[in-house]
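To keep things clear, I will list the structure first and then write my remarks on it.
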Amino acid sequence: GAGMESCGQRLAPTAPPGQRRGEHLQLLLRRSQEAKNSAYCPYSRFPVGAALLTASGEIFSGCNVENACHSLGVCAERTAIQKAISEGHTSFKAMAISSDIGEDFITPCGACRQVMREFGTDWDIYLTKADGTYVVKRLEELLPLSFGPEDLKK
């Protein structure tokens with residue numbers, strides 16, 4: 001977490017905004033790849049890593065954690081979100097997701113999309129391939145016509 005903040009403080013004030021964003025993005029992508037290495041997936045053998053960027057610039061990473069009772073497993077995306085929430089963060093800017101898939105970009109499952117949606121629709125999700133290439137989608141694109149906390153107030 002602290003690495004992200006110190007990275008921002010070390011940048012020269014004259015650094016172009018795009019360059020700073022690019023550095024943050026590369027760190028986010030790298031942290032999602034590193035998180036994948038901690039995955040506990042003896043049943044699926046499908047490791048996934050996620051890295052979540054908070055509004056304050058901290059990064060929380062997560063991996064999938066499976067269980068012999070399969071329904072008790074948890075995805076990388078939800079692990080990262082739960083870690084961030086448990087440390088007091090509820091506002092998110094972006095998430096990067098990594099796996100070993102080479103052909104297609106990894107995408108979050110429906111349950112993860114709904115958990116992400118709890119914290120707004122206007123943030124970026126970076127979907128990657130094993131070689132590090134990525135596409136970026138707004139959460140709103142991944143879960144159109146969604147239901148969220150504000151719908152309970154109507």
Atom pairs and distances, side-chain donor-acceptor, residues 100-110, under 3.5 Å, sequence neighbours left out:
from   : atom 1 : to    : atom 2 : distance (Å)
Asp100 : OD1    : Lys36 : NZ     : 2.8

Shared hydrophobic cluster for Ile97 and Val74 (ILVMFWY, side-chain gaps under 4.5 Å): no

Set of side chain to side chain contact (heavy atoms under 4.5 Å, CB included) partners for Leu72, sequence neighbours left out: Asn67, Cys69

Taking atom CD as the centre, does Glu140 end up with more than 12 heavy-atom neighbours from other residues, nucleotides or ligands that are less than 6.0 angstrom away? no

Taking atom NZ as the centre, does Lys129 end up with more than 12 heavy-atom neighbours from other residues, nucleotides or ligands that are less than 6.0 angstrom away? yes

A side-chain contact here means heavy atoms from C-beta on lying under 4.5 Å apart; do Arg31 and Leu28 qualify? no

Shared hydrophobic cluster for Val136 and Val48 (ILVMFWY, side-chain gaps under 4.5 Å): no

Rounded distance (nearest 0.5 Å) linking atom OG1 of Thr121 with atom CD of Glu150: 7.5 Å

Could you tabulate the donor-acceptor pairs under 3.5 Å formed by side-chain atoms of residues 80-95, not counting sequence neighbours?
from  : atom 1 : to    : atom 2 : distance (Å)
Lys83 : NZ     : Ser61 : O      : 2.7
Ser86 : OG     : Gln82 : O      : 3.3
Ser86 : OG     : Lys83 : O      : 2.8
His89 : NE2    : Glu58 : OE2    : 3.3

In Å and rounded to the nearest 0.5 Å, what is the OG to CG distance from Ser32 to Leu127? 10.5 Å

Does Leu142 belong to the same Ile/Leu/Val/Met/Phe/Trp/Tyr cluster as Tyr126, with side-chain heavy atoms less than 4.5 Å apart forming each link? no

Considering all heavy atoms of both residues, which atom of Ala96 and which atom of Leu29 are nearest to each other, and what is their separation? CB-CD2, 3.9 Å

